[in-house]
2 protein chains.
Amino acid sequence: MTKPPTRIQKRNRAAILTAGLDVFSKFGFRGSTLDQIAAAAGLSKPNLLYYFPSKDAIYTALLERLLETWLAPLQQMRQDGDPVQEILDYARRKLEMSRDYPRESRLFANEIVQGAPHIADNLSGELRALVDEKAAIVREWSEAGLIADVDPHHLIFSIWALTQHYADFDVQIRAVLGTDDPFVGAAPFIDHVMRSVLRA
Amino acid sequence: MTKPPTRIQKRNRAAILTAGLDVFSKFGFRGSTLDQIAAAAGLSKPNLLYYFPSKDAIYTALLERLLETWLAPLQQMRQDGDPVQEILDYARRKLEMSRDYPRESRLFANEIVQGAPHIADNLSGELRALVDEKAAIVREWSEAGLIADVDPHHLIFSIWALTQHYADFDVQIRAVLGTDDPFVGAAPFIDHVMRSVLRA
DNA sequence: TCTTTGTTTGACCAACTGGTCAAAACAACG
DNA sequence: CGTTGTTTTGACCAGTTGGTCAAACAAAGA
């Protein structure tokens, strides 16, 4: 029987997670220090460790919370509905995620690029199952001649790649474009790409 | 007047750079330790520091060497030549880079995702100039009606995203596909994407 | 008020990290 | 061989890092 969290617990846990997201997404797991996170959360380091047992626990909590929302855009893709529009909408939702949650995107990118040591199970479990399920739907659309004959898995990968790139490689894009907002022009371009690819 | 490197110097410097590439690409700059690199190179830590003055120097040397080869695929794109084929070939070369040099790709990805602290100058300098130059060529092709009317910068970004994704998110792709080789099927898919997008 | 429970902190620790240094070991060459 | 320059190493150091702990401090209910 676990006790309900007090006001202070709620506030401080939230502050720590926000601070952790800030720091971990910028420097990766090993590149981040408890002192940095504590400072960002406005707490002392021992106080931090009063709420979370370890650095790893903060990181893991963040990843778990992230994975929930991370798969939502794909989950919303429905078999009943206009195929092209469904895929276009998925790509749009995914791009919006990159735009609205770039820190989450980079946290995820850091984790994956470094070999996904904390979430390997999830990738070959939950994620794989979801992707396989949706890929089957796309395949049916293909076979029914409703969209072009494309590999469903690679189609999904291409949406991940195209959308996450704008959040993860943010610095590079801004440097090349010379703009402050890396997303300018991205939405119509990706829309055009997906439309072209799906055209039967 | 700098002396020419001895045999031993050549061998050890090369071993250190290889080891550094292995380690840095896996764990990022801060996540890697001199002990790891020394062990991977088969040297003691002080011996490592006999050849390179600091951890930073190894990392910087790697990045510099990398940037040279990293831009080559884009540099090879020529204005005289079939537009669609030139862009297709660029995408193909870029994908081959990801397949043949995944460690380099991840080293680069780690650096960029974490804000490119070591190569920010390069991005807004050399890289931007090259991209702008090639984007101008693509724009001319568009305006001449030789390819579809697409934003040249985003076209280049999409090639980066689509190709690098297979090296950088390697673990995720392998987990979802259940294969050992993340690149299976990637080449024809990307080819199809680019052809569709460029079709006028 | 007193007591209980929850919160915060300063001082501390052991392990690790990047880096130094002097001395030893080795290689090259006359 | 002996000398000279190169390479390697063990011992060491100061700063950082994740984490502990007892004690001080606040909240809140009885």
Side-chain angles (χ1 to χ4, degrees), chain A residues 1-64 107 110-111 114 117-118, chain B residues 1-64 107 110-111 114 117-118:
Chain A
M1 198 177 150
T2 49
K3 294 180 186 174
T6 68
R7 253 177 318 145
I8 298 178
Q9 275 169 7
K10 264 196 234 172
R11 171 170 52 82
N12 283 347
R13 266 186 227 274
I16 291 169
L17 286 177
T18 305
L21 178 59
D22 258 337
V23 176
F24 282 132
S25 70
K26 255 187 225 138
F27 307 113
F29 179 73
R30 276 220 47 186
S32 305
T33 72
L34 286 178
D35 286 304
Q36 278 177 296
I37 299 171
L43 300 172
S44 66
K45 190 171 60 170
N47 202 180
L48 229 186
L49 291 163
Y50 173 70
Y51 291 100
F52 287 86
S54 66
K55 180 185 178 184
D56 217 278
I58 304 175
Y59 187 72
T60 304
L62 273 172
L63 273 185
E64 267 167 28
L107 181 72
N110 263 309
E111 171 70 10
Q114 303 197 1
H118 295 79
Chain B
M1 197 178 149
T2 50
K3 292 179 187 173
T6 68
R7 251 176 321 144
I8 298 178
Q9 275 169 6
K10 264 196 234 173
R11 170 171 52 84
N12 283 348
R13 266 187 228 274
I16 291 168
L17 287 178
T18 304
L21 178 59
D22 260 335
V23 175
F24 281 132
S25 70
K26 256 188 224 135
F27 307 112
F29 179 72
R30 276 221 46 187
S32 306
T33 71
L34 286 178
D35 285 303
Q36 279 176 294
I37 300 171
L43 299 172
S44 67
K45 189 170 62 170
N47 201 9
L48 231 188
L49 291 163
Y50 173 70
Y51 290 100
F52 286 86
S54 67
K55 181 185 177 183
D56 217 279
I58 304 175
Y59 188 72
T60 304
L62 273 172
L63 272 186
E64 267 168 27
L107 181 73
N110 263 309
E111 171 71 10
Q114 303 198 1
H118 295 78

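We use all heavy atoms of the structure for the numbers below, so side chains are in, but hydrogens, waters and symmetry mates are not. These numbers were taken from a predicted model, which means no experiment stands behind them. Chain letters run A, B, ... following the sequence lines, proteins first and then strands; every chain starts at 1.
- Between Phe29(A) and Phe24(A), the two ring planes are parallel [angle under 30°; tilted spans 30° to 60°].
- Under the side chain to side chain contact (heavy atoms under 4.5 Å, CB included) criterion, Ala61(B) pairs with Leu17(B), Phe52(B), sequence neighbours left out.
- Between Tyr51(A) and the phosphate of dG6(C), there is no side-chain N or O to OP1/OP2 separation shorter than 4.0 Å.
- Whole-Å rounding puts the Tyr50(B) OH to dG10(D) P distance at 17 Å.
- Contacts of residues 52-63 of chain A with DNA chain C (heavy atom under 4.0 Å): none.
- The ring pair (Phe, Tyr, Trp, His ring centres under 6.0 Å) search around Phe27(A) returns none, not counting sequence neighbours.
- Residues satisfying the ring pair (Phe, Tyr, Trp, His ring centres under 6.0 Å) test with Tyr51(A), not counting sequence neighbours, are none.
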Check: protein-nucleotides 25-29 of chain C nitrogen or oxygen pairs below 3.5 Å:
residue	atom	partner	partner atom	Å
dA28(C)	OP1	Arg7(B)	NH2	2.6

Protein N or O to nucleotides 2-4 of chain D N or O, pairs below 3.5 Å:
none

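- Counting only residues at least two apart or in different chains, salt bridge (charged side-chain N to carboxylate O under 4.0 Å, His left out) contacts with residues 49-59 of chain B are absent.
- Within residues 12-23 of chain B, the residues that have a heavy atom under 4.0 Å from DNA chain D are, in order of number, Asn12(B).
- For residues 17-34 of chain B, the set of pairs meeting the salt bridge (charged side-chain N to carboxylate O under 4.0 Å, His left out) definition, not counting sequence neighbours, comprises Asp22(B)-Arg103(B).
- Contacts between residues 27-47 of chain A and DNA chain D, counted as heavy-atom distances below 4.0 Å, involve Ser32(A), Thr33(A), Leu34(A), Lys45(A), Pro46(A).
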